[in-house]
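Position 1 is the first residue of the sequence, and the numbers go up from there. As the structure lists them, so they are numbered: ligands from 1, and atoms in each ligand from 1.
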Amino acid sequence: MKADPQQRLDELSAGYQNAVILLTANHLGVFPALAAGPRVAADLASELGLDARALETTLLALAAEGILSQARGTFCLAPDFAPLLLPGGSQSRASIMEHNYHLLRRWVGLDEVLRTGRPAADTQRPRDGTQLRAFICGMADISRQSSEEVARKLDLSPFNRLLDVGGGPGTAAITFALRYPQLRCVVYDLPEVVPIAREEIARAKLEERVATVAGDFLEDPLGSGFDILYVSNIIHSQSVGQTAALFGRCREALVAGGTVVVKDFFLDDSRVEPASAARFSVNMLVGTAEGKSYTLDETRELLADAGFGDFRVVTVARASALLVGRRGPSA
Ligand SMILES: C[S@@+](CC[C@H](N)C(=O)[O-])C[C@H]1O[C@@H](n2cnc3c(N)ncnc32)[C@H](O)[C@@H]1O
C-alpha cells in the first residue's frame, strides 16, 4: 500500500532529528558509558562532562526510539542494540555512525553545493586523523557482513592472487583469505590508510597471506600478475574519466583471462532505483568533485571499453551488486 503523502513528507522533513540525536550520543561516548551499567542522567552527565538536563532530554528521546531502556529515570542500552552501539565487536556500527556524524556537516551545506556545483568537502583527502579512522573503520563496520556474503556467493577457489583496490581496512581481503586458504591478497590504499589495514590484518593473524601496498591508484603502479581484482565501493567517488582510467590500470594489473569484480551501490537505468543509491549519489555530490552512483550499464560499458567482457551480475546485501568481468586477450 502506498504511504500517505502527508505522513511520508512529514517523516522525510523531520528525519534528520533522530539521526542527529543518535549520532551525537555516539560521538559523545554515551553508549560505551552506559555499557558500564545503568545510570541516571545526572551521574552520566557528570561522568561525560555534559549538562544533566540536556542529556536527560536526549536520553529520553533515544529511549522513545527503543535504542535505550528506561525505568524510573535510570537508563541502559536496549539489549538488541547493544552489540551494534558498542565499538569493537563484530556487529559494531560505532565507527560508521561516527563517520556519519562527520558527514552531517557536509550535508547541511547542500544549498551551497547546489549554487556552486562544487562539493562541501573532499571525502578523500585531507582529513584529520580522527575523521580518517572513523571513515576507514566505518568501512569495516559496513563491509564485514557483505564481505562474508561475497565470499559465499563468489567461488574464489580458482584464484591465487587477489588485489583489493582501495581496500581500506582490508575487511574483504581478510574475509576472503580466511575462507580460501590458497588465496594471497594485497590491500592497496593511500599511505595514511595502510597502517589501519595493517592493524586489522595483524588482529586476524594473516600477515603472511595479506600484504599491503601504499599508493594512489590513479597515479602509482598497481602491480601485476594478479588473477583477480576486487574494486569495492571505489568508483562512486571517482569521475567517469577517472573510473575509465582506473579500469584500464586494473586490466594491466591482471593476467590474461583474469577476473575483475566491481562492487557498488549501482542504480538501475531509471537512475531512481534503488532509492538508497539515488540518495547515496547526493552523498558523493556533497563530498567529492565528480563522484556519483553509477548505473550497472554504464559501468559495464566502461569495463568493456577497458578490455573486459563475459559479464555477470551478482546481488549482495542491502542494495549492492557485484559486476564481474573477465580480462580479454591483449589487443
Ligand atoms: C569507500 S572506501 C571503500 C573501502 C573498501 N574497498 C570497502 O568496500 O569497504 C574507499 C577507499 O578507497 C581509498 N582511496 C580513495 N582514493 C584512493 C586513491 N587515489 N588511491 C588509493 N586508494 C584510494 C580510500 O582511502 C578508501 O579506503
Side-chain angles (χ1 to χ4, degrees), residues 92-93 95-96 99-100 102-103 106 119 121-129 131-151 154 162-177 185-201 210 212-223 228-239 241-250 253 260-266 276-277 280-281 283-284 286-294 316-323:
S92 177
R93 291 290 188 273
S95 294
I96 193 65
H99 177 52
N100 280 328
H102 297 306
L103 293 188
R106 290 181 194 150
D122 181 343
T123 54
Q124 303 306 311
R125 309 162 105 167
R127 271 174 212 268
D128 71 33
Q131 290 197 20
L132 178 75
R133 187 165 279 272
F135 169 48
I136 296 301
C137 296
M139 296 304 104
D141 284 359
I142 55 176
S143 79
R144 271 182 223 109
Q145 272 173 352
S146 70
S147 296
E148 294 280 357
E149 191 182 344
V150 173
L154 283 187
L162 178 144
L163 178 65
D164 191 356
V165 181
T171 314
I174 290 168
T175 307
F176 300 162
C185 303
V186 174
V187 177
Y188 188 105
D189 212 296
L190 297 167
E192 61 270 30
V193 173
V194 158
I196 301 174
R198 275 204 226 280
E199 285 171 24
E200 297 287 312
I201 294 162
V210 181
T212 54
V213 170
D216 180 331
F217 56 51
L218 297 173
E219 289 177 7
D220 300 322
L222 292 181
I228 183 163
L229 258 59
Y230 192 61
V231 188
S232 169
N233 294 333
I234 297 302
I235 63 171
H236 59 230
S237 58
Q238 309 296 320
S239 70
Q242 287 169 328
T243 297
L246 178 62
F247 286 167
R249 299 164 70 79
C250 286
V260 67
V261 180
V262 182
K263 175 170 180 275
D264 225 294
F265 311 117
F266 292 112
S276 54
F280 189 81
S281 218
N283 195 32
M284 292 298 99
V286 298
T288 68
E290 290 182 82
K292 62 174 188 165
S293 297
Y294 282 70
V316 284
R318 307 235 175 123
S320 280
L322 307 174
L323 180 55

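The nearest pair of heavy atoms linking I234 to F217 is CG2-CZ, 3.5 Å. Pairing each heavy atom of D164 with each of A172, the nearest pair is OD2-CB, 3.8 Å. Of all heavy-atom pairs spanning A134 and H102, the tightest one is CB-CD2, 4.1 Å.
Contact annotation: for I234 versus ligand 1, heavy atoms closer than 4.0 Å belong to the side chain alone. Contacts between I136 and ligand 1 below 4.0 angstrom, taking non-hydrogen atoms only, involve the side chain exclusively.
When each atom of ligand 1 is checked for a heavy atom of S232 under 4.0 Å away, the hits are 3 (C), 5 (C), 6 (N), 7 (C), 8 (O).
The one candidate from E199, E200, E192 that meets the salt bridge (Lys or Arg N to Asp or Glu O under 4.0 Å) condition with R133 is E199.
An N or O contact shorter than 3.5 Å is missing between V193 and ligand 1 by distance. Residue D189 has at least one N or O atom closer than 3.5 Å to an N or O atom of ligand 1. Residue contacts with ligand 1: G167 is placed with no nitrogen or oxygen under 3.5 Å of a nitrogen or oxygen of the ligand (distance criterion only). Between Y188 and ligand 1, a contact under 3.5 Å exists for no N or O pair. For a threshold of 3.5 Å applied to N or O pairs, the pair formed by D164 and ligand 1 contains no separation below that value.
The aromatic rings of F265 and H236 lie parallel to each other, with less than 30° between the two planes, well short of the 60° mark.
Using a 4.0 Å heavy-atom cutoff, P169 is absent from the residues neighbouring ligand 1.
Annotation for E290: atom CD does not count as buried by contact number, only 12 or fewer foreign heavy atoms lying within 6.0 Å.
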